[in-house]
Amino acid sequence: MKIAVIGASGKSGSVITKEALARGHKVTGIVRDASKDVPAQAQKMTKDILALTYDDLKDYDAIVDAFGVWAEKDLPQHKTSLMHLADVLSGKPNRLLVVGGAGGLYVDPQHTTRVMDTPDFPDAFKPLAINMCAAFNELKTRNDVNWTYISPSANFDAEGARTGKYRAGGEELLVNSAGQSEISYADYAIAMVDEIENGEHIKERFTVVGG
């Protein structure tokens with residue numbers, strides 16, 4: 001398959017790129033800064049996410065949005081950038097897969113309480129979670145786009161091992177056999193590329209936990 005990864009020089013984007021390349025897919029890493037490297041064997045496109053057009057993306061079966069900003073003043077870009085991609089891909093066959101957050105997952109079967117609403121959720125992460133939730137809430141209204149939103153576990157571990165094992169769920173936070181909600185970037189990347197290949201969650205959010 002032909003896959004484009006937006007933010008391929010970042011932590012999650014680079015791991016997803018490497019996983020897709022290892023499976024024999026043709027991958028283009030999209031970065032906004034020409035000085036940023038993408039994983040070896042990947043092609044590189046230098047363009048800001050808000051400047052991307054359908055001509056840039058039309059040849060890709062799947063577009064992975066691993067865009068991320070962390071400074072509080074930039075956080076609204078999570079929504080504006082995602083809506084730009086949705087507009088670009090509106091009515092098109094190409095798939096849009098989003099590296100999401102865990103803050104918007106539910107912790108109860110009634111879906112009344114989100115992870116970010118719980119007392120233990122760190123205040124420092126709330127602005128990011130609020131903005132990512134706003135972006136997702138807008139995305140899920142888009143029936144004109146073949147989107148999939150993949151939320152990691154509460155502990156999304158950049159340094160964690162690639163075990164090759166994960167469990168997928170729905171919109172509720174998952175825990176492993178030890179009662180921990182955690183997944184490594186490497187195992188999350190496996191889940192992402194599995195979804196690209198199998199297409200089991202079109203126009204859905206789902207989550208994954210390690211082990």
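Keep in mind that this is a model prediction, so the values were computed, not measured.
- Between the side chain of T113 and the backbone N or O of V107, no donor-acceptor pair lies under 3.5 Å.
- In this structure, L21 shares a hydrophobic cluster with M1, I3, V5, V15, I16, V27, V64, L97, V99, I150, F156, Y166, I183, Y185, Y188, I190, M192, I196, F206, V208, the cluster being traced through Ile, Leu, Val, Met, Phe, Trp and Tyr side chains under 4.5 angstrom apart.
- The hydrophobic clustering, which links ILVMFWY residues whose side-chain heavy atoms are closer than 4.5 Å, places Y54 and V145 together.
- A donor-acceptor pair under 3.5 Å is formed between the side chain of K203 and the backbone N or O of N143.
- Of all heavy-atom pairs spanning S151 and G101, the tightest one is OG-O, 2.7 Å.
- Residue Y149 holds its OH atom at 15.0 Å from CD of E195, rounded to the nearest 0.5 Å.
- By the criterion of side-chain heavy atoms lying less than 4.5 angstrom apart, applied directly or through intervening Ile, Leu, Val, Met, Phe, Trp or Tyr residues, M45 is grouped together with F67 in one hydrophobic cluster.
- Put simply, the side chain of T80 does not reach to within 4.5 Å of the side chain of E138, judged on heavy atoms.
- Under the 3.5 Å distance criterion, with hydrogens and angles disregarded, no donor-acceptor pair is assigned to the side chains of D120 and T118.
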Inset, instruction - Show your reasoning for whether side chain to side chain contact (heavy atoms under 4.5 Å, CB included) applies to V98 and L82. - result: CA-CA 9 Å; V98 183; L82 186 52; 3.7 Å; yes

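- Between the side chain of R23 and the backbone N or O of E197, no donor-acceptor pair lies under 3.5 Å.
- For the pair N146 and L89, the minimum side-chain heavy-atom distance is 4.5 Å or more.
- Across all their heavy atoms, A66 and G13 have their closest contact at CB-CA, 3.8 Å.
- Ion pairing between a basic and an acidic side chain is recognised when a charged N comes within 4.0 Å of a carboxylate O; D61 and K26 show no such pairing.
- Within a 6.0 Å sphere centred on CZ of F121, heavy atoms belonging to other residues, nucleotides or ligands number more than 12.
- Between the side chains of R95 and T148, at least one donor N or O sits under 3.5 Å from an acceptor N or O.
- Once rounded to the nearest 0.5 Å, the distance linking CD1 of I6 with OG1 of T28 reads 11.5 Å.
- Taking the side chain as every heavy atom from C-beta outward, L96 and V88 never approach each other to under 4.5 Å.
- One hydrophobic cluster, built from ILVMFWY side chains closer than 4.5 Å, holds both M132 and W70.
- Using the six-membered ring where Trp is involved, F136 and W147 have ring planes that are perpendicular, over 60° apart on the 30 and 60° scheme.
- How far CD1 of I49 is from CG of D56: 12.0 Å, rounded to the nearest 0.5 Å.
- In this structure, S9 and D37 have side chains that are not in contact, with every pair of non-hydrogen atoms separated by 4.5 Å or more.
- Between the side chain of E182 and the backbone N or O of D157 there is no donor-acceptor pair closer than 3.5 Å.
- When all heavy atoms of G170 and L105 are compared, the pair lying nearest together is O-CD2, 4.5 Å.
- Hydrophobic clustering of Ile, Leu, Val, Met, Phe, Trp and Tyr side chains at less than 4.5 Å, counting indirect connections, unites M83 with I30.
- One distance of note links CD of Q180 with CG of L174; it measures 13.5 Å at 0.5 Å rounding.
- Among pairs with a residue in residues 142-156, those fulfilling salt bridge (Lys or Arg N to Asp or Glu O under 4.0 Å) read D87-R142, R142-D144, at least two apart in sequence or across chains.
- Shortest non-hydrogen contact noted between G100 and P152 is O-CD, 3.2 Å.
- I130 has its side chain within reach of M116: a pair of non-hydrogen atoms, C-beta onward, lies under 4.5 Å apart.
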Inset, instruction - Would you sort out whether V209 and V175 count as a side chain to side chain contact (heavy atoms under 4.5 Å, CB included), showing the intermediate values? - result: CA-CA 6 Å; V209 67; V175 297; 5.6 Å; no

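- Residues K92 and K58 have side chains not in contact (no heavy-atom distance under 4.5 Å, counting atoms from C-beta outward).
- Counting only heavy atoms from C-beta outward, the side chains of K36 and K44 never approach each other to under 4.5 Å.
- Side-chain N or O atoms of H84 include one that pairs as donor or acceptor with a backbone N or O of L52 at under 3.5 Å.
- Of the possible donor and acceptor atoms, none in the side chain of D187 sits under 3.5 Å from a partner among the backbone N and O of S184.
- Between the CD atom in Q77 and the CG atom in L50 there is a gap of 7.0 Å [rounded to 0.5 Å].
- At most 12 non-hydrogen atoms from other residues, nucleotides or ligands lie less than 6.0 angstrom from CD of Q43.
- The two residues G103 and R114 make their nearest non-hydrogen contact at O-CB, 3.6 Å.
- The structure places CG of L57 at 8.5 Å from NZ of K47, a figure rounded to the nearest 0.5 Å.
- The environment of Q41 atom CD is sparse: at most 12 non-hydrogen atoms of other residues, nucleotides or ligands sit within 6.0 angstrom.
- Both V69 and L85 belong to a single network of hydrophobic side chains, linked directly or stepwise wherever heavy atoms of I, L, V, M, F, W or Y lie under 4.5 Å apart.
- Taking all atoms of both residues into account, the shortest heavy-atom contact from L173 to S181 is CD1-OG, 3.4 Å.
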